[in-house]
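Structure, as structure tokens:
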Amino acid sequence: MKKIVVAIDGYSSSGKSTMARELARRVGYVYVDSGAMYRAVTLYALEHGMIENGKVDRERLAAALPGISITFEPAGADGVQHTLLNGRDVEREIRDMQVSENVSRVAEIPEVRERLVRIQQEYGVRKGIVMDGRDIGTTVFPDAEMKVFVDASPEERARRRLLELEQKGEKVNYEEVLDNIRTRDRIDTTRAVSPLRKADDAHVLDNDHMTHREQSEWLLNLFHTIVNEK
Ligand code: CDP
């Protein structure tokens, strides 16, 4: 069967990573979480004192980029693919609130985007890939055969993210999470380079009132429709 590229974009905590990962598993494709790559660069910048009071030292970070390697380790016993920063497993740390609070500022930096987009495009050369993020259908893979744009209200997304953080034992409150989501939405949609926006040819999935199962089925049906038309 002919392999395609699947691009899934959307707002923060819209559930796109879960959907993308599951689709990849069901159809035997490679899954790449592009947000994890921006998060790993953010963790690096935090650890090297390149972020102070939310302000990123763009020059130092741009100069350090050639020395930052981000790779993925296949899903382990927990079923989760782990992100490695210079060979170190940082899967847990990159999901912390501190990283969430700074990632959108790092993701605005053109040098960072240029480098990560190039790495992401290499993953797509052989097709058979599902990638999720903010600019996958617009910038990384503008020719992707299947594009999905996921949307849900900020309140619903905050509820989901809060649950996720609580399950990991992080102490945060709803207002704090909602505030972070709103701030990232604003920065992500208004930045100069590759802002978050729906690609003209993307299929929209508003999953506010959909169960996990319903959205998985919706995605899988769309995938089969597109592959069979090829
Ligand atoms: O998991 P969540 O939806 O909160 O976000 P993520 O997918 O892990 O992405 C974290 C942040 O990275 C986003 O808020 C964006 O600022 C940035 N990002 C981006 O700019 N471009 C991408 N392709 C993916 C993420």
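Counting starts at 1 for both ligands and their atoms, following the listed order. What's counted below: heavy atoms across the whole structure, side chains too, no hydrogens, waters or symmetry copies.
For Phe72, there are no ring pair (Phe, Tyr, Trp, His ring centres under 6.0 Å) partners two or more places apart in sequence or in a different chain. Remark: His212 pairs with no residue by the ring pair (Phe, Tyr, Trp, His ring centres under 6.0 Å) rule, at least two apart or across chains.
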Donor-acceptor pairs under 3.5 angstrom involving side-chain atoms of residues 124-136: please list them, not counting sequence neighbours.
from, atom 1, to, atom 2, distance (Å)
Lys127, NZ, Glu145, OE2, 2.5
Asp132, OD1, Tyr31, OH, 3.0
Asp132, OD2, Ser17, N, 3.3
Asp132, OD2, Ser17, OG, 2.8
Arg134, NE, Asp188, OD2, 3.1
Asp135, OD2, Arg113, NH2, 3.0

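In summary, the side chains of Arg95 and Ser100 do not present any donor paired with an acceptor at a separation below 3.5 Å, with no hydrogens or angles considered.
Under a cut-off of 6.0 angstrom, the local environment of CZ in Arg60 is crowded, with over 12 non-hydrogen atoms contributed by other residues, nucleotides or ligands.
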Put together the list of close N/O pairs, under 3.5 Å, between ligand 1 and the protein, could you?
from, atom 1, to, atom 2, distance (Å)
ligand 1, 1 (O), Arg161, NH2, 3.0
ligand 1, 3 (O), Ser13, N, 2.9
ligand 1, 3 (O), Lys16, NZ, 3.1
ligand 1, 4 (O), Ser12, OG, 3.3
ligand 1, 4 (O), Arg39, NH2, 3.3
ligand 1, 4 (O), Arg161, NH1, 3.4
ligand 1, 4 (O), Arg161, NH2, 3.1
ligand 1, 4 (O), Arg184, NH1, 3.1
ligand 1, 4 (O), Arg184, NH2, 2.9
ligand 1, 5 (O), Arg134, NH2, 3.3
ligand 1, 5 (O), Arg184, NH1, 3.4
ligand 1, 7 (O), Arg134, NH1, 3.3
ligand 1, 8 (O), Arg39, NE, 2.6
ligand 1, 14 (O), Ser104, OG, 3.4
ligand 1, 14 (O), Arg134, NH2, 3.1
ligand 1, 14 (O), Arg184, NH1, 3.0
ligand 1, 14 (O), Asp188, OD2, 2.9
ligand 1, 16 (O), Ser104, OG, 2.9
ligand 1, 16 (O), Asp188, OD1, 2.7
ligand 1, 16 (O), Asp188, OD2, 3.4
ligand 1, 20 (O), Arg113, NH1, 2.8
ligand 1, 20 (O), Arg113, NH2, 3.4
ligand 1, 20 (O), Arg191, NH1, 2.9
ligand 1, 20 (O), Arg191, NH2, 3.3
ligand 1, 21 (N), Arg113, NH2, 3.0
ligand 1, 23 (N), Ser34, OG, 3.0
ligand 1, 23 (N), Arg134, N, 3.2
ligand 1, 23 (N), Asp135, OD1, 2.8

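Using a cut-off of 4.0 Å between Lys/Arg side-chain N and Asp/Glu carboxylate O, Glu156 and Arg160 are scored as salt-bridged.
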